[in-house]
Amino acid sequence: MVTAKVWVLKKHFEGFPKPSDFDLKKIELPSLKDGELLLESVFLSVDPYMRPYSQRDMKEGDIMIGTEVARIVESKNPAFAVGAFVVANSGWRSHFISDGKGLHLLPSSWPESLPRSLALGTVGMPGLTAYFGLFEVCKMKPGETVLVNAAAGAVGSVVGQLAKIGGCKVVGCAGSDDKVAYLKKIGFDEAFNYKTVTSLDEALRKASPDGYDCFFDNVGGEFSSIAINHMKKYGRIAVCGAISQYNDSVPQKGPYVQIPMIFKELHMEGFIVTRWNNRREEGQKALLKWVLEGKVKYHEQVTEGFENMPAAFIGMLKGENLGKAIVKV
Ligand SMILES: NC(=O)C1=CN([C@@H]2O[C@H](COP(=O)(O)OP(=O)(O)OC[C@H]3O[C@@H](n4cnc5c(N)ncnc54)[C@H](OP(=O)(O)O)[C@@H]3O)[C@@H](O)[C@H]2O)C=CC1
Ligand SMILES: CCCCCCCCC/C=C/C=O
């Protein structure tokens, strides 16, 4: 008999999530039936979407949503061998039973040199978000100028590096001087700390006096309201996330987008990465290749211990992560 530890949403978040909103519980797992497998989580992901999605899709008492890299410890399913690793979407659980549906096997040829946690970050959902958001939504072209916020995070750091690979000038902003130094190190042309600049408007103008062709927006709110005025005519805005609004109890008010949208004839498109699920393999292959070639660098903020899932999640929402926030069991 295996005892799984699980994190439950005890109370819906009001404003910023707090440790007391979560409960750690134990569940006895039954023995396997034919076709089933037992998995143990090795790395778990904490992501911004968990904040708005928990509000929309979860009830109090539900196990927290999320993905993990898990190792198969027992299998009664011929398609899955013991010892193989998968990406699963099984929530915040230390162990779980699956019938194999929806599991994504990591290639047995996963490079020794790379941590398997990258399948939750640069070579996983956040990397794919950068890939499809930039190539399919922004439709960036060589020679253009790309702006990205939350640039030192899981999605943003890949956006900037892919835009460089694509021959663009890249401007990024992030919430600490260390993050800004990291952005310069990984090849951003311009980077600034949005928390310490005296004027966002001036910082955006200084970084690209001619404006921006593409804006990959991870943040929303006030930053986006200012950035939209710096778009070039016919610019494209990929609305990827709005993390500055996820913890608001009272919705923020405008300024509104219509006037700059009209006069600059902008294209603004919201997207969810799962739109390209049928091209997941293509994206992962490309990202893995660039990582192995050293063209895309990665950093992970690893929190040790399943018991620290809430702390890692809350820390990521506060901006404590450089690169992808990961929990190592
Ligand atoms: N549409 C889609 O399919 C997907 C969308 N997303 C979205 O992309 C965005 C980035 O996700 P991800 O890369 O995983 O997360 P990150 O790794 O970037 O972590 C979140 C970061 O957001 C920044 N942040 C937090 N609060 C604020 C704020 N009020 N203003 C500005 N920045 C803030 C912090 O960095 P800092 O120190 O710089 O403030 C923090 O480190 C999120 O909005 C997420 O919801 C992610 C995946 C898929
Ligand atoms: C098999 C992985 C399923 C995870 C789906 C995650 C979708 C994230 C969309 C994010 C939106 C905003 O943050």
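Remember, it's 1-based here, ligands and their atoms both numbered in the order they're listed. Both backbone and side-chain heavy atoms feed into the values below; hydrogens, waters and symmetry mates do not.
- Listed by number with element, the atoms of ligand 1 under 4.0 angstrom from any heavy atom of Ser244 are 28 (C), 29 (N), 30 (N).
- The shortest contact between atom 15 (O) of ligand 1 and any protein heavy atom is with Pro48 CG, 3.4 Å.
- Close contacts between ligand 2 and Thr67 involve ligand atoms 2 (C) [criterion: under 4.0 Å to a heavy atom].
- Using a 4.0 Å cut-off between charged nitrogen and carboxylate oxygen, Lys76 and Asp99 do not count as a salt-bridge pair.
- Taking a 4.0 Å cut-off on heavy atoms, Tyr194 registers as neighbouring ligand 1.
- Assignment of Lys324 to the shell around ligand 1 is not supported, since no heavy atom sits closer than 4.0 Å.
- Ligand 1 lies within reach of Ala242, whose nearest heavy atom is under 4.0 Å from it.
- Here atom 27 (C) of ligand 1 lies nearest to Ile243 when heavy atoms of Val219, Ile243, Asp47 are compared.
- In terms of N/O distances under 3.5 Å, ligand 1 is approached by Val155.
- Every atom of ligand 1 with a heavy atom of Gly323 under 4.0 Å away is listed here by number and element: 17 (O).
- Taking only nitrogen or oxygen atoms, main chain and side chain alike, Phe271 reaches within less than 3.5 Å of ligand 1.
- Nearest protein heavy-atom neighbour of atom 6 (N) of ligand 1: Cys240 SG, 3.7 Å.
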